[in-house]
Amino acid sequence: MDFRIEHKDTASGARAGVISLPHGDVPTPIFMPVGTVGSVKGVFHRDLAGDIDAKIILGNTYHLYLRPGTDVLEKAGGLHRFSAWDRPLLTDSGGFQVFSLAQNRKITQGGCEFRSHIDGSKHLFTPERVVDIQRSIGADIMMAFDECPPGTAEYAYAARSLALTNQWLERCFERHASTRPLYGYEQTLMPIVQGCVYEDLRLKSAEYVKTFNADGYAIGGLAVGEPAEEMYRMIEVVNSVLPQDRPRYLMGVGTPENLLEAIERGVDMFDCVMPTRNGRNGMLFTGEGIINIRNKKWQDDFSPIDPGGTSFVDRTYTKAYLRHLTIAGEMLAAEIASIHNLAFYLWLVRTAREKIAEGTFAGWKKTMTGKLSNRL
RNA sequence: GGGAGAAUACCAGAGUGGCCAAAUGGGGCAGACUGUAAAUCUGCUGACGUACGUCUUCGGUGGUUCGAAUCCAUCUUCUCCCA
């Protein structure tokens, strides 16, 4: 993996660059749609690669290991071929499931034992196993196995957790170095900075991950219950340490506003379920603000979903029609909203990139953030 | 013409003397959702008040009772059965 910075914003930490991966180039800043089980829910690859123009999407190690399993993935020739997605792919390690499936898992020094949310069977995830699974999946970018503690974690817990994540990180890199890709292209491994909302832990963690001389660095454990201001502060702390010339990936974030704030602070990559999940639940993100399409006020609004939108759904369908579909529980509603939201997120980062290149990012960001969280 | 049964909130439908402004479901209205156990979850849904609460409701009317959606009389409407 290669990263080339093309423009730096003079007034902030924002940068615009290009990440080169085996399956293609990724302009940064970038938003990566989440496709946990090998599918960005409700969206055809045709539309992902078309109007949405997603440059890279996510898969999840934990979920793909449980279903369809590594045997099938290897027989298929990896997730790219299995799912017919020929652009770059990043897999999360299962570290987030240590957080989100906290009731179904037990952490030990060796790893994390999950009780499958599907059938209750037990599965031990070790750092080594997690790297192996990601080899089977064949992601361009694999993530280290970490523990993602909740945003409310106490200092003592956060410190212990970080120590464990660091041990796991070392084992991930050892495994990565001692194994080869299965499908003939390189897979890079990204370490993850943890440390909750504690500045000294974040600094320590950032210093530690830096010693692995990775192609890129992720910031994890944010947007998990702590106030947004804390998150922004942690990003600043961490990015003051992480190498300037490598991409920074803020995991699991976030709202459109979160993205702009983080871009301003030097973050290059994002992923979040928000555009898809919230879309399925009737929430639309637009350049003018947020729409809850279920609200009665859209009942007879026959204007396009988003006149400023970049996807075909924005021009084709009206708010009133989408509201009807959403309330009727039609699956088309989820598809339309997902396509719209993803197209908006990709538009947002694409435009941020242009503004950085033009040197007008600060002003644009100010205008945008004033509108993004409006309730329409 | 005779007989039986039923009428409850937007709809369906429990409740059959006080714990009932009335279960539950649907519908309606609003909210939540951040490396996806989520096409999911939560709240409200008679009126007025933030709230303790007060007032008006269970087809109509009139009774019985300390107290009625619940018991009685009667009227209305509907359903079914027999002629």
Side-chain angles (χ1 to χ4, degrees), chain A residues 31-43 56-64 66-67 90-105 114-120 130 134 139 141-151 165 190-194 218-228 230-231 248-259 261-262 267 269-285 290 292-299 323 325-338 341 345 373 375:
Chain A
F31 178 80
M32 309 181 280
V34 178
T36 307
V37 297
S39 146
V40 175
K41 294 185 193 300
V43 184
I56 172 172
I57 63 173
L58 257 71
N60 184 281
T61 303
Y62 168 82
H63 294 273
L64 290 166
L66 290 179
R67 269 194 312 219
L90 179 151
T91 40
D92 184 32
S93 61
F96 186 70
Q97 279 62 46
V98 177
F99 163 73
S100 65
L101 300 179
Q103 273 130 355
N104 288 348
R105 55 80 172 152
F114 286 99
R115 207 171 57 239
S116 162
H117 68 278
I118 299 165
D119 63 6
V130 164
Q134 292 183 89
I141 301 173
M142 343 198 290
M143 300 306 301
F145 193 45
D146 64 335
E147 185 198 352
C148 176
T165 287
M190 268 199 200
I192 303 171
V193 174
Q194 288 289 354
I219 307 169
L222 291 176
V224 283
E226 81 289 354
E230 293 276 278
M231 170 168 79
R248 291 98 167 238
Y249 164 27
L250 179 59
M251 304 186 76
V253 175
T255 64
E257 198 173 357
N258 290 160
L259 263 56
E261 293 296 337
V267 173
M269 304 164 69
F270 303 89
D271 79 280
C272 192
V273 303
M274 207 172 256
T276 43
R277 180 191 289 166
N278 289 30
R280 285 197 303 281
N281 295 327
M283 187 179 214
L284 303 181
F285 298 95
I290 293 166
N292 182 344
I293 199 64
R294 290 179 322 203
N295 287 175
K296 195 178 184 65
K297 60 183 145 190
W298 308 117
Q299 189 171 42
R323 174 179 194 269
L325 294 180
T326 304
I327 284 175
E330 285 295 311
M331 59 180 163
L332 183 58
E335 297 169 9
I336 292 171
S338 296
N341 280 345
Y345 267 63
S373 52
R375 294 292 175 142

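Every chain is numbered from 1 and lettered A, B, ... according to where its sequence line falls, protein lines coming before strand lines.
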- Message: If I pick the P atom on B:rU57 and the same atom on B:rA21, what distance separates them, to the nearest angstrom?
- Response: 13 Å
- Item | Rounded distance in Å between the P positions of B:rC58 and B:rU8 | 11 Å
- Query: A:E330: what forms a salt bridge (Lys or Arg N to Asp or Glu O under 4.0 Å) with it, not counting sequence neighbours?
  - Reply: none
- Between CE of A:M331 and P of B:rA38 the distance, given in whole Å, is 18 Å
Atom pairs under 3.5 Å, N or O on each side, protein against nucleotides 35-37 of chain B: can you list them with distances?
unit_1, atom_1, unit_2, atom_2, d
B:rG35, OP1, A:V273, N, 2.4
B:rG35, O4', A:G252, N, 2.9
B:rG35, O4', A:D271, OD1, 3.4
B:rG35, O4', A:D271, OD2, 3.2
B:rG35, O2', A:D92, OD2, 3.4
B:rG35, O6, A:Q194, NE2, 3.4
B:rG35, N1, A:D146, OD1, 3.3
B:rG35, N1, A:D146, OD2, 2.7
B:rG35, N2, A:D92, OD1, 3.2
B:rG35, N2, A:D146, OD1, 3.2
B:rG35, N2, A:D146, OD2, 3.4
B:rG35, N3, A:D92, OD1, 3.1
B:rU36, OP1, A:N60, ND2, 2.9
B:rU36, OP1, A:D92, OD2, 3.2
B:rU36, OP2, A:T36, OG1, 3.3
B:rU36, O4', A:R277, NH2, 3.1
B:rU36, O3', A:H63, NE2, 3.2
B:rU36, O3', A:Q97, NE2, 3.3
B:rU36, O2, A:R277, NE, 3.4
B:rU36, O2, A:R277, NH2, 3.4
B:rU36, O2, A:R280, NH2, 3.4
B:rU36, N3, A:R280, NH2, 3.3
B:rU36, O4, A:T276, OG1, 2.5
B:rA37, OP2, A:S100, OG, 2.4
B:rA37, O5', A:H63, NE2, 3.3
B:rA37, N6, A:N104, ND2, 3.3

- Item | Separation of the C1' atoms in B:rC82 and B:rA9, to the nearest angstrom | 37 Å
- Item | pair A:T276-A:S338: side-chain heavy atoms closer than 4.5 Å | yes
- Task: Taking side-chain hydrogen bond (donor to acceptor under 3.5 Å, both in side chains) as the test, write out the residues that go with A:Y249, two or more places apart.
- Result: A:D271
- Message: Does the plane of the ring in A:F285 sit parallel, tilted or perpendicular to the ring in A:Y345? Use 30° and 60° as the thresholds.
- Response: perpendicular
Enumerate all atom pairs, one protein N or O and one N or O from nucleotides 29-31 of chain B, separated by less than 3.5 Å.
unit_1, atom_1, unit_2, atom_2, d
B:rC29, OP1, A:R323, NH2, 2.7
B:rA30, OP1, A:K296, N, 3.3
B:rA30, OP2, A:K296, N, 3.1
B:rG31, OP2, A:N292, ND2, 2.9
B:rG31, OP2, A:N295, ND2, 3.1
B:rG31, N7, A:R294, NH2, 2.9
B:rG31, O6, A:R294, NH1, 3.2
B:rG31, O6, A:R294, NH2, 3.1

- Item | Qualifying residues under ring-ring contact (aromatic ring centres under 6.0 Å, His included), relative to A:F99, sequence neighbours excluded | A:F96
- Message: A:E226: which residues meet the salt bridge (Lys or Arg N to Asp or Glu O under 4.0 Å) condition with it, sequence neighbours left out?
- Response: none
- Message: Both distances below 3.5 Å, Watson-Crick or wobble geometry, any strand: find the nucleotide opposite B:rC80.
- Response: B:rG3
- With both distances kept under 3.5 Å, what pairs with B:rG27, Watson-Crick or G-U wobble? B:rU45
- Query: Who does B:rG62 pair with, Watson-Crick or G-U, both distances under 3.5 Å?
  - Reply: B:rC72
- Backbone N or O of A:N104 within a donor-acceptor pair of the A:R115 side chain at under 3.5 Å? no
- Query: On a whole-Å scale, what distance lies between the P atoms belonging to B:rG3 and B:rA68?
  - Reply: 32 Å
- Message: Please name the nucleotide paired to B:rU50 by Watson-Crick or G-U wobble geometry with both distances under 3.5 Å, or report none.
- Response: none
- Item | Qualifying residues under side-chain hydrogen bond (donor to acceptor under 3.5 Å, both in side chains), relative to A:E335, sequence neighbours excluded | none
- Message: Under 3.5 Å for both donor-acceptor distances, Watson-Crick or wobble: does B:rU57 have a partner, and if so which one?
- Response: none
- Task: With P as the reference atom in both, quote the distance from B:rA14 to B:rU77 in angstrom, rounded to an integer.
- Result: 25 Å
- Given the C1' atoms of B:rG25 and B:rA73, what is the spacing between them in whole Å? 36 Å
- Note on the structure: From CG of A:N278 across to P of B:rA32 the rounded distance in Å is 9 Å
- Item | Partner residues of A:T91 under the side-chain hydrogen bond (donor to acceptor under 3.5 Å, both in side chains) criterion, sequence neighbours left out | A:Q134
- Message: Would you measure the distance from the P atom in B:rC78 across to the matching atom in B:rA30 and give it in whole Å?
- Response: 38 Å
- Message: Would you measure the distance from the C1' atom in B:rU56 across to the matching atom in B:rC48 and give it in whole Å?
- Response: 11 Å
- Message: Taking side chain to side chain contact (heavy atoms under 4.5 Å, CB included) as the definition, give me every residue that meets it alongside A:R277, ordered by chain and number, with sequence neighbours left out.
- Response: A:V273, A:R280, A:N281
- Note on the structure: Paired to B:rU16 by Watson-Crick or G-U wobble criteria (both distances under 3.5 Å) is none
